[in-house]
There are 2 protein chains.
Amino acid sequence: MKNNLDKVDIRILELLQENSKMTAKELSGRLNLSQTPIFERIKKLEREGYIKNYMAELNERRLGLKQIVFIGVTLKGHTRSYLEKFVEKVREFPEVLECYQVAGNYDFMLKVILEDIEAYQVFVETKLSLISELGNVNSYIAIKKGKQTHKLDLGFLRSRL
Amino acid sequence: MKNNLDKVDIRILELLQENSKMTAKELSGRLNLSQTPIFERIKKLEREGYIKNYMAELNERRLGLKQIVFIGVTLKGHTRSYLEKFVEKVREFPEVLECYQVAGNYDFMLKVILEDIEAYQVFVETKLSLISELGNVNSYIAIKKGKQTHKLDLGFLRSRL
DNA sequence: TTTGAAACAAACGTGGC
DNA sequence: GCCACGTTTGTTTCAAA
């Protein structure tokens, strides 16, 4: 599926990504168009799948989720069914925000979020280590956040117009 | 700062996290309250910092950002200024979505998103490897997504009410 | 803290350029 | 494609309980 976004579409995506409460009216002011085309472009962007969803971004720390851990996992075997079963089980853990099969010296890289180190210890002991396919586990405990964003940089799209 | 959220607040956060376009009216129907209390609870949740922002979640693949890479980085030295300078520089790269200082056998763990492997190669060559504090780099190239979500599981809050 | 109603603003649809 | 207006729907405030 090709992407034929123009300058205005890209700008709309950037602005809504920063603040989805921005109204069509505000957008129309900033982009020198009236509300109707803005409104229709947004609907198009939703319809064509550029916008997946609108969500409230919560403050993890404020809610008590203070510990992020990256986990490099190696499995015992590498047959298709081993890989699939591992993913299936890991998916069910709400602590796991991300799980990717990777190329490199692990089979999977996970990102989990928990209340604290103790909760991580409990998670490994009572959930992760019970997965029968599991081989080795390497933990990277976040001790300081340098950068964290969900915002995708769309600058690269502009250079292709 | 303590967190004194009740059952209704937790439910509101969960629902808005899934879909921030849900109206106060819809919420009031689901939670058996009228619009005003819902409205005021949302404002309180925003004011007290539980809700950081409202954002449009974009579809990375649809936009052409198909490659995720985790990078384990070791620096040449570990003085405070080394660590800080590295973070400062990495922050400026729009490809880098996350950067944490970690405990484990790396100093930092990064998550970057790019168009493809070639773009990753260019990123390393023209940006990452030019950071003078950089020691070793280990890449974990995502080859299959098992799970990816931004949604925090708030179930743990309920068990503490 | 809630309800219900009323004022206001935004979202959405239609017709004309 | 866009603009301008009109209707519907949601947001926000306020009196009253």
## Note on the structure
So the contacted stretch of DNA chain D, first to last nucleotide with an atom under 4.0 Å from a non-hydrogen atom of chain B, runs from D:dG10 to D:dC14
### Task
Any pair with a residue in residues 63-78 of chain A that passes side-chain hydrogen bond (donor to acceptor under 3.5 Å, both in side chains), sequence neighbours left out, goes on the list, sorted by first then second residue, please.
A:H78-A:D107
Can I get a per-line list of side-chain donor-acceptor pairs under 3.5 Å for residues 25-35 of chain A, giving both atom names and the distance, sequence neighbours left out?
residue	atom	partner	partner atom	Å
A:E26	OE1	A:T23	N	3.3
A:S28	OG	A:A24	O	3.3
A:S28	OG	A:K25	O	2.6

### Task
Name all residues meeting the ring pair (Phe, Tyr, Trp, His ring centres under 6.0 Å) criterion together with A:F93; count only those two or more places apart in sequence or in a different chain, and write none if there are none.
A:F123
### Message
Need to verify one output field. Residue with the more 5' nearest nucleotide on DNA chain C, A:T36 or B:S34?
### Response
B:S34
#### Entry: Atom-to-atom span, CD of B:Q35 to P of C:dT1 - whole angstrom
19 Å
### Test side chain to side chain contact (heavy atoms under 4.5 Å, CB included) applied to B:S81 - qualifying residues, sequence neighbours left out
B:T79, B:K85
### Task
Please list residues of residues 37-58 of chain A whose heavy atoms come under 4.0 Å from any atom in DNA chain C, ordered by number; otherwise none.
A:F39, A:K43
### Query
Pairs in or reaching into residues 9-21 of chain A: which pass side-chain hydrogen bond (donor to acceptor under 3.5 Å, both in side chains), with residues at least two apart or in two chains?
A:D9-A:R41, A:D9-A:K44, A:R11-A:E14, A:E14-A:R158
### Message
In this structure, how many angstroms lie between the P atom of C:dT3 and the CG atom of B:L31, rounded?
### Response
12 Å
### Query
With clusters built from Ile, Leu, Val, Met, Phe, Trp and Tyr whose side-chain heavy atoms come within less than 4.5 Å, directly or transitively, what are the remaining members of the cluster of A:M55, listed by chain and number?
B:M55
### Summary of ring-ring contact (aromatic ring centres under 6.0 Å, His included) pairs that have at least one residue in residues 141-161 of chain A, sequence neighbours excluded
A:H150-B:H150
### Option passing side chain to side chain contact (heavy atoms under 4.5 Å, CB included) with A:L63 (candidates B:L5, B:I10, B:N3)
B:L5
### Query
Mind checking what makes salt bridge (Lys or Arg N to Asp or Glu O under 4.0 Å) contact with A:E88, not counting sequence neighbours?
none
### Query
Listed in order of residue number, which residues of residues 5-29 of chain A have a non-hydrogen atom at under 4.0 Å from DNA chain C?
A:T23, A:A24, A:K25
### Query
What residues form a ring pair (Phe, Tyr, Trp, His ring centres under 6.0 Å) with B:Y50, not counting sequence neighbours?
none
